[in-house]
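Beneath this line is the structure, given in structure tokens, with notes to follow.
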2 protein chains.
Amino acid sequence: MDTRQMRYFIALAETLHFGHAAARMNMTQPPFSRQIANLERDLGVRLVERTSRQVTLTPAGERFLADARAVLARFDDACRDARLVAEGRAGALSLGFMMHAAQTVVPEIVRRYTALQPGVRLSLCETTPMEIEQGLINGTLDAGITFSGRAMPQIEVWPLFTDHLCLVTAPGHPLTELDVISPQDLAGLPVIAVSPQAAPTLRNAIEDFCTPAGVEPQYRFEPLLQHTILRLVAADLGIALVPESICRGVPDIDARPLVSAPELPVVLKTRRSRTNPAVQPLLDLLGSITFF
Amino acid sequence: MDTRQMRYFIALAETLHFGHAAARMNMTQPPFSRQIANLERDLGVRLVERTSRQVTLTPAGERFLADARAVLARFDDACRDARLVAEGRAGALSLGFMMHAAQTVVPEIVRRYTALQPGVRLSLCETTPMEIEQGLINGTLDAGITFSGRAMPQIEVWPLFTDHLCLVTAPGHPLTELDVISPQDLAGLPVIAVSPQAAPTLRNAIEDFCTPAGVEPQYRFEPLLQHTILRLVAADLGIALVPESICRGVPDIDARPLVSAPELPVVLKTRRSRTNPAVQPLLDLLGSITFF
DNA sequence: TCCATTGATACCTTTTCCGCATTTATGGGA
DNA sequence: TCCCATAAATGCGGAAAAGGTATCAATGGA
């Protein structure tokens, strides 16, 4: 008992004539009659009353006609949807990104992607660079926006723009006397920075700024979110070295450039073996966006 | 491409192992693999990525899995519904009845039937005895409550109760002086009665009351509804002979018995060839109801 | 490097399905 | 009343689809 018999039955219900219905199904009447009989036998229900002169639907047949039409419509939808997903014109795309990327590149990427691929449900996931990396590898994420980090063989990297490390302090902090900050200025000061488990690349950038000058950062709190860091700095619980893009328009802090500020390339990462066809349109639109 | 392949695919998606999925489908692995391959060929879409070590769903496969489950659920529902309708436990029953039957037997019948057969949608159709007869014959109605009328070979009759013809007049009409009305009392008075096209049985009952006594009713208006008749009588536009059951509790009229009042058997009628299984429970419950 | 696992392929058997010929049943017309 | 035309059911043989057995090929782990 399958959809073919449903199609046969619908043809019969619409013609109320075994011969004509068979012809519509491109077959002869005898096997057609047998299929209808088989369908009724499998259901255990008489769907049509037939004399040699006329065919009428039973109430069960009326109901089955409506239901069968619905089933076939769903069936065709399922096939169509599978094709659409395979073409990347439907389905879902899960995009992970560092929290603060929501302030920069994410809105524009989301806007353009949804305009281009209205059929694709875009699920956004704000998280840490480390979890983005993991999500890409284990398949939870299709793409991630994060700092470049060290190269991995199964991950492909698409540059977006380059952020720069900067210093943030509470307003009126002694360091605000200086126009530009050099590593030596930070010696002995408590530094609030994201934990190395959450964002190793950012943490490395901080180290790379300080250690060549012989300065050892005095880490104090190690929250997960850049926004938490800014709130702690605003409360004058320490200073911080953060990407400059996150400081724009944030109240109660003072942002100041660093001498030869370390570069923080922000990139989009994907699995090299991209099974989700919805990813390709995302890559295609990156070229057409200039972020800054 | 049919539901069997969908079932195969669901088994594969749930086990992610061709051999185990084949076993679940009570078959061996090679033909199972072929069916999956055929499904993918027909769809034109790759649903699973397979190496000799592991099987994973593609995004299209994920989507198709969800859709296929929905299709099969609908499919099974369609089969189950057909059986329920065949058993009379689902589907629809269309019951026609004379307007004024809503005052007597219809509410109790409806209440009991819906309690007994909650799955059956009961569609009620108030209309005239003539249209009930036609509806039964052409299949629009499954059952009808009406006056018995003349026997027809394809119609089966189930007695409900016996109504009686009575006289109604405006309050204060000269006839209200009499306790019981005989045909002669009506001579020359304008009679409002339902049209013979709408309710021939009732009309005949009126004739049968008058003509044996040599009285010729002077018909004045011939509305379709008994209620209209009562309103016209209340306005003193004439007298009327109506079933006594419709007079109860109606304001601004005076009802009065007739001498050897003609009986008006109220019955339920069905087609002798009852194709709708939902009718039988209706007949079953008639025996357990005593109407008056 | 070898071996176990697992999906794909080749080939054959079984089942299902379809087409042709024929039969059966029924309604209309002579 | 009989005959005939129409339409669905049935019998049977061939084709197509599905399944089974044996085997091959690829891959990951010991």
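Below, each value reflects all heavy atoms present in this structure, side chains not excepted, and no hydrogens, waters or symmetry copies.
For the segment residues 33-42 of chain B, the set of residues with a heavy atom within less than 4.0 Å of an atom of DNA chain C comprises B/Ser33, B/Arg34, in numerical order. The stretch residues 1-24 of chain A comes close to DNA chain C through A/Arg4, A/Tyr8, each having a heavy atom under 4.0 Å from the strand.
Under the rule for a side chain to side chain contact (heavy atoms under 4.5 Å, CB included), the partners of A/Ser94 that lie at least two apart in sequence or sit in another chain are A/Ser123, A/Leu141, A/Asp142. Under the salt bridge (charged side-chain N to carboxylate O under 4.0 Å, His left out) criterion, A/Arg274 pairs with A/Glu156, sequence neighbours left out. Scored by the side chain to side chain contact (heavy atoms under 4.5 Å, CB included) test, A/Leu224 finds A/Thr128, A/Ser195, A/Ala198 as partners (sequence neighbours excluded).
Per the geometry, CZ belonging to A/Phe32 stands 13 Å off C1' belonging to D/dA7, to the nearest Å. To the nearest angstrom, P of D/dA8 lies 9 Å from CZ of A/Arg50. Atom CG of B/Asn26 is separated from atom C1' of D/dA18 by 15 Å (rounded to the nearest Å).
Side-chain contact of A/Ser33 with A/Gln29: a donor-acceptor pair under 3.5 Å is present, judged by distance alone.
With respect to A/Asp77 and A/Arg74, no salt bridge is recorded, no charged nitrogen being found less than 4.0 Å from a carboxylate O. Between A/Glu87 and B/Arg63 there is no salt bridge, since none of the side-chain N atoms of the basic residue sits less than 4.0 Å from a carboxylate O of the acidic one.
Checking each of B/Leu47, B/Leu12, B/Leu57 against B/Leu65 for a side chain to side chain contact (heavy atoms under 4.5 Å, CB included) leaves exactly one that passes, namely B/Leu57.
In A/Arg272, the CZ atom is crowded: over 12 heavy atoms of neighbouring residues, nucleotides or ligands sit closer than 6.0 Å.
By the 30° and 60° cut-offs, the orientation of the rings of A/Tyr8 relative to A/Phe32 is tilted.
No side-chain heavy atom of A/Phe97 sits less than 4.5 Å from a side-chain heavy atom of A/Thr146.
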Could you run down the sub-3.5 Å N/O contacts of the protein with nucleotides 23-30 of chain D?
{"from": "D/dA26", "atom 1": "N3", "to": "B/Ser52", "atom 2": "OG", "distance (Å)": "3.2"}
{"from": "D/dT27", "atom 1": "O4'", "to": "B/Ser52", "atom 2": "OG", "distance (Å)": "2.7"}
{"from": "D/dG28", "atom 1": "O4'", "to": "B/Arg53", "atom 2": "NE", "distance (Å)": "3.3"}

